[in-house]
Amino acid sequence: MTDDYGETFRDAYALLHGGHGDEPDDTSARRAGEGLEDYLARSRAEAVGATRKRLLGATPPPGVEKAHRLLIDLLQKAAIGDEALAQQVAAYQCGNFHESVAHSERLHELVAESARLDRELITELRGLPQEVAEALGI
């Protein structure tokens with residue numbers, strides 16, 4: 001069970017921090033007539049949602065509960081941040097500059113909160129006993 005959980009945890013962490021490197025891209029294909037901006041937003045939302053769902057369905061091993069919760073919170077912030085960014089861009093493109101600035105300010109708050117949570121997660125991971133970190137493959 002720890003192997004499966006470790007893979008789920010590592011996948012979620014990698015999604016938030018730049019991917020897996022050499023592993024194949026499993027992003028859904030761009031739909032006919034779908035604009036690049038819409039495709040990027042949709043595929044990211046699908047990836048974040050699916051990964052968060054996997055993590056919510058997983059039971060962390062003893063000692064990893066706080067890191068588990070922080071990672072779920074970070075995935076939620078990523079989804080909300082992606083939505084705020086899309087709203088900001090749409091408002092800007094429509095010439096609604098006041099609305100665009102409001103979305104931009106909300107996005108700034110989300111990014112700041114995500115950075116705080118990420119620092120907390122990293123601190124938590126560094127504090128895991130070596131045998132727990134090794135069992136998870138982190």
Side-chain angles (χ1 to χ4, degrees):
M1 181 147 100
T2 301
D3 289 343
D4 290 342
Y5 179 82
E7 180 179 345
T8 300
F9 190 94
R10 289 188 308 276
D11 287 350
Y13 189 87
L15 177 64
L16 293 170
H17 294 91
H20 290 285
D22 297 346
E23 292 188 18
D25 183 9
D26 62 353
T27 305
S28 62
R30 191 168 165 186
R31 297 175 182 159
E34 184 175 36
L36 179 60
E37 199 172 283
D38 292 334
Y39 163 70
L40 293 173
R42 179 184 57 78
S43 62
R44 166 107 169 135
E46 287 173 357
V48 169
T51 301
R52 185 168 184 271
K53 186 177 179 180
R54 280 178 56 208
L55 203 56
L56 283 168
T59 302
V64 184
E65 296 89 355
K66 183 175 180 183
H68 177 83
R69 189 186 81 253
L70 287 165
L71 194 51
I72 289 171
D73 291 349
L74 277 163
L75 288 166
Q76 180 66 25
K77 293 284 187 220
I80 294 169
D82 290 345
E83 184 178 310
L85 178 59
Q87 291 171 339
Q88 188 267 329
V89 169
Y92 183 83
Q93 288 174 336
C94 292
N96 298 331
F97 301 116
H98 180 71
E99 186 180 333
S100 175
V101 169
H103 288 300
S104 179
E105 289 171 354
R106 175 71 177 129
L107 183 59
H108 174 75
E109 293 168 6
L110 290 164
V111 169
E113 176 64 8
S114 292
R116 186 194 66 75
L117 289 170
D118 198 43
R119 286 189 302 272
E120 192 175 336
L121 174 61
I122 290 168
T123 300
E124 185 67 22
L125 292 176
R126 287 182 177 158
L128 289 177
Q130 184 174 354
E131 61 275 4
V132 173
E134 288 174 358
L136 294 174
I138 54 175

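A quick note: this is a predicted structure, and the numbers were derived from the prediction, not measured.
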Decide whether [X] and [Y] are clustered together by the hydrophobic rule: side chain heavy atoms of Ile, Leu, Val, Met, Phe, Trp, Tyr closer than 4.5 Å, transitively.
X      : Y      : result
Val111 : Ile72  : no
Leu110 : Leu85  : no
Ile80  : Leu55  : no
Leu16  : Ile138 : yes

How long is the gap from [atom1] on [X] to [atom2] on [Y], to the nearest 0.5 Å?
X      : Y      : atom1 : atom2 : result
Gln76  : Leu117 : CD    : CG    : 11.5 Å
Asp4   : Arg54  : CG    : CZ    : 9.0 Å
Thr8   : Lys53  : OG1   : NZ    : 13.5 Å
Leu128 : Gln130 : CG    : CD    : 11.0 Å

For [X] against [Y], the heavy-atom pair lying closest together:
X      : Y      : answer
Thr51  : Ala47  : OG1-O, 2.8 Å
Lys77  : Glu113 : CE-CG, 3.3 Å
Leu136 : Pro61  : CD2-CG, 3.8 Å
Ala67  : Leu125 : CB-CD2, 4.0 Å
Leu71  : Ala12  : CD2-CB, 3.5 Å
Leu75  : Val48  : O-CG1, 3.4 Å

NZ/NE/NH1/NH2 to OD/OE distance under 4.0 Å, Glu7 and Arg10: no
Whether Tyr5 and His68 hold their rings parallel, tilted or perpendicular, with breakpoints at 30° and 60°: tilted
Qualifying residue for side-chain contact (heavy atoms from CB on, under 4.5 Å) with His103, from His108, Gln87, Glu83: Gln87
Glu131, CD atom: more than 12 neighbouring heavy atoms under 6.0 Å: yes
Audit row: Ile122, Tyr13, side chain to side chain contact (heavy atoms under 4.5 Å, CB included) steps and yes/no: CA-CA 10 Å; Ile122 290 168; Tyr13 189 87; 3.9 Å; yes
Residue pair Lys66 / Glu120, side-chain heavy-atom distance below 4.5 Å: yes
Candidate pair Glu65 and Arg69, rule salt bridge (charged side-chain N to carboxylate O under 4.0 Å, His left out), full reasoning: CA-CA 6 Å; Glu65 296 89 355; Arg69 189 186 81 253; over 6 Å; no
Ser100 backbone acceptor or donor facing Ser104 side chain under 3.5 Å: no
